[in-house]
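Side chains are part of it too, since the values below use all heavy atoms of this structure and drop only hydrogens, waters and symmetry mates.
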Amino acid sequence: MRTVLYDIDSKIPNLALMKISSWYKNKGYEVILTREAQYIEADAYYASTVFYIDKSHQKVDELKSMYGDSIVFGGTGVDLKNRLPEEIDACFPDYSIYAHHTYALGFLTRGCVRKCPFCVVPEKEGKPQIVPGGFNNFVPYEQHNVMLLDDNLLCFPEAERFLEEMITREYVVNFSQSLDISYLDEQKFRLLKRVHSCNARFTKKMYYFSCNNVKTTEEFISKKDLLKAFGEDSVSVLIMFGFNTRLSDDYRVLFTIRRLKLIPFLIEYHPIPGVPARIPADYFDMDLNKVIKLTFRSNGQNWEKYLRWLNRKYYNTFGKYYKPLVEIIYRYNNKNAIYRYLQHPELLTDELFKDFRDEKHQGYFD
């Protein structure tokens with residue numbers, strides 16, 4: 001007997017597929033994991049896709065054409081409601097199908113108290129809840145590196161108990177979905193400071209928080225002393241762009257993170273079903289030069305990701321590329337790419353297409 005599992009697009013080991021593997025292996029099945037949309041003769045088929053993007057949908061369509069109704073699809077990329085049966089969800093993950101030994105991954109909690117318009121979590125997870133069994137559900141006895149997938153761990157009343165358990169077990173923890181700055185207080189800070197929090201590669205001390213709108217910057221400013229006490233270059237801030245902000249909003253967030261000497265980690269919004277980007281038509285509402293001249297202590301390549309998006313946005317709005325922006329993007333990395341622009345001078349301009357002398361946002365952070 002054989003079961004085939006298709007990992008469509010996971011960047012890390014797929015937790016659902018590892019649990020399905022455990023279930024079928026316990027039933028005596030051979031389990032095959034593949035990332036390719038290839039036909040394999042078997043008795044059962046499952047596919048999981050995390051991302052709602054065209055490339056993933058193409059693989060899903062290929063598998064549907066091969067197997068019809070014989071294959072079961074799940075994951076955020078295809079179905080927010082399809083959940084694992086309880087008996088499978090309770091299984092311990094089979095890390096062996098990925099030959100994965102670097103870290104364990106799983107949930108202590110599911111869901112989030114917030115209802116952010118860009119997020120699938122409220123619809124996918126439902127009411128916030130504690131996952132029974134805690135760490136014992138997904139961490140092998142000999143493993144000390146743990147990647148947590150919780151959406152908003154700190155919002156739960158039990159958060160301090162979980163942090164104490166991380167300390168007691170001496171886990172090295174990656175808070176992969178970041179922490180909510182609004183729930184950071186003195187007590188949680190003292191506990192978090194004792195947690196060995198790391199980046200996703202488990203190579204460097206790092207605490208992750210999110211700042212998805214301008215209003216949240218007030219929380220970062222009011223708690224700057226706590227954030228500083230985590231240590232220099234030890235706090236990274238996840239910042240989403242391309243959803244519903246203007247340039248002045250992006251600038252205010254970015255400038256605040258820079259002023260507080262935190263590390264930005266910029267993430268482009270990719271539309272989810274029914275929630276397109278809501279970028280205002282007057283996105284460019286302040287002097288672009290003030291934005292593109294920002295510099296950060298580290299994570300420069302990630303900052304350039306935002307600048308490249310800004311470059312495309314400027315072209316789509318005005319029909320030309322702003323040459324100073326292009327020059328800044330390619331000053332360090334992939335330098336030869338600038339020649340694609342220089343070969344078409346008719347598409348470049350040294351002048352901004354908007355006069356900001358009377359713009360209300362001109363004076364931001366002067």
Side-chain angles (χ1 to χ4, degrees), residues 51-55 116-119 210-217 237-258 264-296 299-366:
F51 301 103
Y52 189 78
I53 55 177
D54 291 341
K55 186 177 181 180
C116 300
F118 55 80
C119 185
S210 293
C211 185
N212 293 318
N213 55 64
V214 173
K215 186 173 178 58
T216 309
T217 60
V237 182
L238 277 62
I239 304 169
M240 188 182 69
F241 64 89
F243 178 57
N244 65 346
T245 57
R246 290 180 172 84
L247 183 61
S248 58
D249 299 318
D250 292 346
Y251 179 72
R252 188 168 183 175
V253 172
L254 292 164
F255 189 92
T256 300
I257 298 307
R258 178 181 179 275
F265 191 94
L266 290 105
I267 303 173
E268 181 180 354
Y269 174 69
H270 292 288
I272 59 177
V275 187
R278 304 171 183 176
I279 305 174
D282 61 341
Y283 173 81
F284 290 97
D285 66 339
M286 66 168 287
D287 187 350
L288 180 59
N289 289 316
K290 293 185 67 173
V291 180
I292 66 178
K293 290 180 180 178
L294 284 173
T295 57
F296 295 91
N299 213 12
Q301 288 188 339
N302 183 261
W303 167 234
E304 289 180 1
K305 177 181 178 181
Y306 171 71
L307 293 179
R308 289 193 296 272
W309 177 87
L310 201 59
N311 191 44
R312 296 191 301 271
K313 180 67 178 173
Y314 191 89
Y315 178 82
N316 291 334
T317 302
F318 301 112
K320 286 194 175 184
Y321 295 102
Y322 185 47
K323 188 178 178 182
L325 171 56
V326 173
E327 291 172 341
I328 285 177
I329 292 173
Y330 296 107
R331 59 186 165 176
Y332 298 127
N333 302 306
N334 197 19
K335 291 182 179 180
N336 291 334
I338 195 172
Y339 291 107
R340 296 200 305 266
Y341 296 90
L342 298 179
Q343 290 170 359
H344 299 280
E346 72 279 4
L347 297 180
L348 291 169
T349 179
D350 289 311
E351 301 295 329
L352 288 174
F353 278 101
K354 192 168 183 178
D355 186 349
F356 299 101
R357 286 176 299 178
D358 300 322
E359 175 54 52
K360 65 179 180 179
H361 295 295
Q362 183 183 10
Y364 268 174
F365 304 102
D366 282 340

Can you see which heavy atom on [X] is nearest to which on [Y], and at what distance?
{"X": "D285", "Y": "S248", "value": "OD2-OG, 2.6 Å"}
{"X": "I328", "Y": "I292", "value": "CD1-O, 3.4 Å"}
{"X": "P276", "Y": "F243", "value": "O-CE1, 3.8 Å"}
{"X": "K320", "Y": "L348", "value": "CD-O, 4.1 Å"}
{"X": "Y283", "Y": "T245", "value": "CD1-O, 3.1 Å"}

Quick one: does any side-chain atom of [X] pair with a main-chain N or O of [Y] as donor and acceptor, under 3.5 Å?
{"X": "R258", "Y": "T295", "result": "yes"}
{"X": "S210", "Y": "N212", "result": "no"}
{"X": "N302", "Y": "L266", "result": "yes"}
{"X": "D249", "Y": "V214", "result": "no"}

Any heavy-atom pair between the side chains of [Y] and [X] that's under 4.5 Å?
{"X": "L342", "Y": "V326", "result": "no"}
{"X": "L352", "Y": "Y314", "result": "yes"}
{"X": "N244", "Y": "F118", "result": "no"}
{"X": "Y322", "Y": "E327", "result": "no"}
{"X": "L310", "Y": "L247", "result": "yes"}

Would you say that more than 12 heavy atoms from the other residues, nucleotides or ligands in this model lie under 6.0 Å from the NZ of K323, or not? no
Greater than 12 external heavy atoms within 6.0 Å of D54's CG: no
NZ-CZ distance between K313 and F318, expressed to the nearest 0.5 angstrom: 9.5 Å
For T217, all residues meeting side-chain hydrogen bond (donor to acceptor under 3.5 Å, both in side chains), sequence neighbours excluded: none
According to the interplanar angle, ranging from 0 to 90°, do the rings of Y321 and Y341 count as parallel (below 30°), tilted (30 to 60°) or perpendicular (above 60°)? perpendicular
Going by the angle between their ring planes, with limits at 30° and 60°, are Y306 and F241 parallel, tilted or perpendicular? perpendicular
Filter on salt bridge (Lys or Arg N to Asp or Glu O under 4.0 Å), then keep only pairs touching residues 334-348, sequence neighbours left out; what's left? none
